[in-house]
2 protein chains.
Amino acid sequence: MLKNLPIGTQTDVLIEPRTFFNEKELKEILKKCGLKITKQRVAVLKVLSSGPRYHKTAKDILEEVKKNFPNIGFATIYRLLKRLSQAQMILEISMGAGSSCYELKTKQQSHYHIACLNCGKIIEFKNKMIETTLEKIVLEKNYTLKNQVVEIYVNCDSCKNQ
Amino acid sequence: MLKNLPIGTQTDVLIEPRTFFNEKELKEILKKCGLKITKQRVAVLKVLSSGPRYHKTAKDILEEVKKNFPNIGFATIYRLLKRLSQAQMILEISMGAGSSCYELKTKQQSHYHIACLNCGKIIEFKNKMIETTLEKIVLEKNYTLKNQVVEIYVNCDSCKNQ
DNA sequence: ATAAAAATGAAAATCAAATTCATTTAAAAT
DNA sequence: ATTTTAAATGAATTTGATTTTCATTTTTAT
């Protein structure tokens, strides 16, 4: 259904697979943010740049990093996440209640999120028309665009079929 | 600048002034949600449906309602906000850090938000094209749309001129 | 190597939001 | 109108996420 849409109105664009960074690149990120390179920070970035789940909470990250640094605590994680957010290197996604998720920005640009209110699954999508429209709105107002968030909350099909 | 855009690409549509509800209408809202009518609840809804600030935090609401009900506490506020959210009567807006803001839904449909990262000012805007696109995306996937959030984070002009 | 500046981690503090429970209130049924 | 009953209230506590503090350790530039 809804196939063969006129050009420019296709809504669903798949996200290319995540770009993984090697250790050297992760260190570059820290440098670019004016942060000193520590093993803990590299470990946190490694978690953010890999793994099966795209969107990780501070707790996810802590648990993962603890495997190699059993003494690391939330303080270190949150401090780094905040600095990286401020430097626009990561994206904080706070979808309603609960804890925020974080994702490392890659070359791939603005993508958006669909979240199932039932099972919590998050799907990414891109849409050039929305992106352009939002840029235009900001430009018209003579503001400076810092970030754009588009989130659709749904009940997904696997949830509906239960 | 950027005037005379082709039809369908205008980005900035002003929001009509907020619809105020009278006491009877507010009670209707509670009934529709299957909630008993209490003076505290009517007072909370009255705050949500009026006043100079469109987006109110639980704290804003508490302080306002306390003027007439000095003993009311957060428990009552949060409980009601949660029930109203679940009944889709209000919109919870959690923009990054800090507490969520809540706004009463009116007949006027999906509108979006521009927030200044500096001064925290929030501006509403509407955009039919984005709205339709998001609906289309959900339809294509055979999901059920529950809510859509579009947020632009900027530095606004009054902030830039400082 | 060494000094200066920054980062770490354990613990405590803060803040938003949810919960508990004894008491009160609204609304349905007499 | 009164009684009944189920739900709502509010004070206090709890939970959970995030931030801060501070003594100690590590990084980086010299």
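Reminder, nothing fancy here: chain letters follow the sequence lines and each chain counts from 1.
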> Start at the 5' end of DNA chain C and walk down; is the nucleotide closest to A/K36 or to B/A58 reached first?
A/K36

> To the nearest Å, give me how far apart CG (A/L62) and P (D/dG16) are.
16 Å

> Whether A/R41 contacts D/dT27 is assessed here as follows: a side-chain N or O lying under 4.0 Å from the phosphate OP1 or OP2. Is that the case?
no

> I want to check something: taking the side chain as every heavy atom from C-beta on, are B/E131 and B/Y112 in contact at a cut-off of under 4.5 Å?
yes

> With a 4.0 Å limit, can you tell me whether A/Q40 has a side-chain N or O closer than that to the phosphate oxygens OP1/OP2 of C/dG9?
yes

> Using salt bridge (charged side-chain N to carboxylate O under 4.0 Å, His left out) as the criterion, list what pairs up with B/K82, not counting sequence neighbours.
none

> Is any NZ, NE, NH1 or NH2 atom of the basic residue among A/E63 and A/K59 found under 4.0 Å from an Asp or Glu carboxylate oxygen of the other?
yes

> Roughly how many Å is it from CG in B/L30 to C1' in C/dA27, rounded to a whole number?
14 Å

> A/I61 CD1 to D/dT18 P: how many Å, rounded?
10 Å

> Quiz question: by atom type and distance under 3.5 Å, do the side chains of A/H113 and A/E151 form a donor-acceptor pair?
no

> Hey, are A/E64 and A/K46 close enough for a salt bridge, meaning a charged N less than 4.0 Å from a carboxylate O?
no

> Is there side-chain contact between A/V42 and A/K27, with heavy atoms separated by less than 4.5 Å?
yes

> Quick one: B/K66 NZ to D/dT9 P, roughly how many Å, whole number?
14 Å

> Side chain of A/L35 only, please: which of D/dT18, C/dA7, D/dG10 is the nearest?
C/dA7

> Any non-hydrogen side-chain atom of A/I93 less than 4.5 Å from a side-chain atom of A/S100?
no

> When you measure from the side-chain N and O atoms of B/K82 to the phosphate of C/dA17, is any distance below 4.0 Å, counting only OP1 and OP2?
no

> Just to confirm, is there a sub-4.0 Å distance from OP1 or OP2 of D/dT18 to any side-chain nitrogen or oxygen of A/S100?
yes

> Considering only heavy atoms, which members of residues 72-81 of chain B lie under 4.0 Å from some atom of DNA chain D?
B/I72, B/A75, B/T76, B/R79

> Need to verify one output field. Residue with the more 5' nearest nucleotide on DNA chain C, B/K39 or A/T38?
A/T38

> Nearest-Å distance, CG (B/N71) to P (D/dA12)?
11 Å

